[in-house]
Engineer: 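Input: one structure, supplied below.
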Amino acid sequence: MAYWLFKTEPQVFGIDDLAAIHPKSEPWDGIRNYQARNLLRDQVAEGDEVFIYHSSCAQVGIAGLARVASAAYVDPDQFDPESKYYDPKAEQDTPRWYRVDVVYQRTLDKLIPLKLLKQQEALVDMVLLKQGRLSVQPVRQEEWDYILTHLA
DNA sequence: GCCAACGTTGGC
DNA sequence: GCCAACGTTGGC
C-alpha cells in the first residue's frame, strides 16, 4: 500500500465536495502532466491512501484524506471535443491520459497549512516542498505518519 | 538534439 | 495581479 498527495482547487472541487458525495467515489480527472500521468497509470493502486491538498486558494494545505477506489483507467474526456480536458492528439487506441476514482475518508479538524509543512525538519524532502507544481505526488510512509501524528 | 519562446501552475 | 519555476512546443 502506498501514499499519495493529490492537489485540487477547492473552488472547483475540494474536500467538502468529496464529503458531500460520500460514499460514492469521484473520478480524479484533468491530470494533463506526464509525470503525474505516469504515477497514476503505473503506481497508484486501489486501496492506496491520499492526502487531499487545497491549492490556489486562501487556505493552502492538506485538507483531508481519501482512498483510491479504482486502478487507473483511460480518461474519456480526452476524446470529447466539448470537454475542457479534450486533447486533439489523443487517439482511441493510444490514449494519453488516465484517471483514478477516489472516495472520501475524512476531513482534518484543521487544515494543515503549507507554511507549517515547510517548517518541519522531518519533511524537507517531501515532493510537495521540492517540486511544488506536481499535482499527483508520492508521500513516503514516514512523512505520512509524521504529518498525521504531529500536525493533524 | 538544442534552446528560445511560450504557457501553466501555484504561492504570495 | 505578480512572478518564479518549470513543462511543452517548435524552429533550426
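Remember, it's a predicted structure, so these values are computed and weren't measured experimentally. Note on naming: letters A, B, ... go to the chains in the order of the sequence lines (proteins, then strands), and numbering restarts at 1 for each one. Side chains included, hydrogens not; waters and symmetry mates left out as well; all remaining heavy atoms used.
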Engineer: Tell me: CD of A:Gln137 to P of C:dG7, nearest whole Å?
Structural biologist: 13 Å
Engineer: Going by the angle between their ring planes, with limits at 30° and 60°, are A:Phe13 and A:Trp28 parallel, tilted or perpendicular?
Structural biologist: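 Ring orientation, 0 to 90° scale: perpendicular.
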Engineer: Can you check the A:Gln119 CD to B:dG11 P distance for me, whole Å?
Structural biologist: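 Distance check: A:Gln119 CD to B:dG11 P gives 16 Å.
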Engineer: How close or far is atom P of C:dG7 from atom CD of A:Gln35, stated in whole angstroms?
Structural biologist: 7 Å
Engineer: When you check the phosphate oxygens OP1 and OP2 of B:dG11, does a side-chain N or O of A:Tyr53 lie under 4.0 Å from one of them?
Structural biologist: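 It does, given that an N or O in the side chain of A:Tyr53 lies less than 4.0 Å from OP1 or OP2 of B:dG11.
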Engineer: How about A:Gln35 and A:Gln131: does a side-chain donor come under 3.5 Å of a side-chain acceptor?
Structural biologist: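 Yes, side-chain donor-acceptor contact under 3.5 Å.
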Engineer: Between A:Tyr34 (OH) and B:dG7 (P), how many Å, whole number?
Structural biologist: 18 Å
Engineer: Does a nitrogen or oxygen in the side chain of A:Gln131 sit under 4.0 Å from OP1 or OP2 of B:dT9?
Structural biologist: no
Engineer: Counting side-chain heavy atoms from CB outward, which of B:dG11, C:dT9, B:dT8 is closest to A:Lys89?
Structural biologist: C:dT9
Engineer: So, OP1 or OP2 of C:dC6: does either fall under 4.0 Å of a side-chain N or O from A:Lys130?
Structural biologist: no
Engineer: In whole angstrom, give the distance that lies between atom CG of A:Leu129 and atom C1' of C:dC6.
Structural biologist: 17 Å
Engineer: Atom CG of A:Asn38 and atom P of C:dG7: how far apart are they, to the nearest Å?
Structural biologist: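 Computing the A:Asn38:CG to C:dG7:P distance gives 13 Å.
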Engineer: B:dG10, C:dT8, B:dG11: which one has an atom nearest the side-chain heavy atoms of A:Ser135?
Structural biologist: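 Among B:dG10, C:dT8, B:dG11, the one nearest the side chain of A:Ser135 is B:dG10.
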Engineer: Rounded to the nearest 0.5 Å, what's the gap from CD on A:Glu49 to CD on A:Gln105? Could you check?
Structural biologist: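 The CD atom of A:Glu49 sits 4.5 Å away from the CD atom of A:Gln105.
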Engineer: Whole angstroms only, please: what is the CZ-P distance between A:Arg133 and C:dA5?
Structural biologist: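 In whole Å, C:dA5 P lies 11 Å from A:Arg133 CZ.
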Engineer: Near A:Asp93 CG, under 6.0 Å, is it more than 12 heavy atoms from other residues, nucleotides or ligands?
Structural biologist: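 Buried by this count: over 12 neighbours within 6.0 Å.
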Engineer: Between A:Lys7 and B:dG10, is there a side-chain N or O to OP1/OP2 distance below 4.0 Å?
Structural biologist: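 So the side chain of A:Lys7 is within the cut-off, an N or O lying under 4.0 Å from OP1 or OP2 of B:dG10.
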Engineer: Could you check how far OH of A:Tyr85 sits from C1' of B:dT8, rounded to whole Å?
Structural biologist: 13 Å
Engineer: Over all strands shown, is A:Lys118 touching base, sugar-phosphate only, or nothing at heavy-atom distances under 4.0 angstrom?
Structural biologist: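 The answer is sugar-phosphate, as A:Lys118 gets under 4.0 Å only of primed atoms, P, OP1 or OP2.
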Engineer: Can you confirm whether or not the ring centre of A:Trp97 sits under 6.0 Å from the ring centre of A:Tyr34?
Structural biologist: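 Centroid distance A:Trp97-A:Tyr34: below 6.0 Å, so yes.
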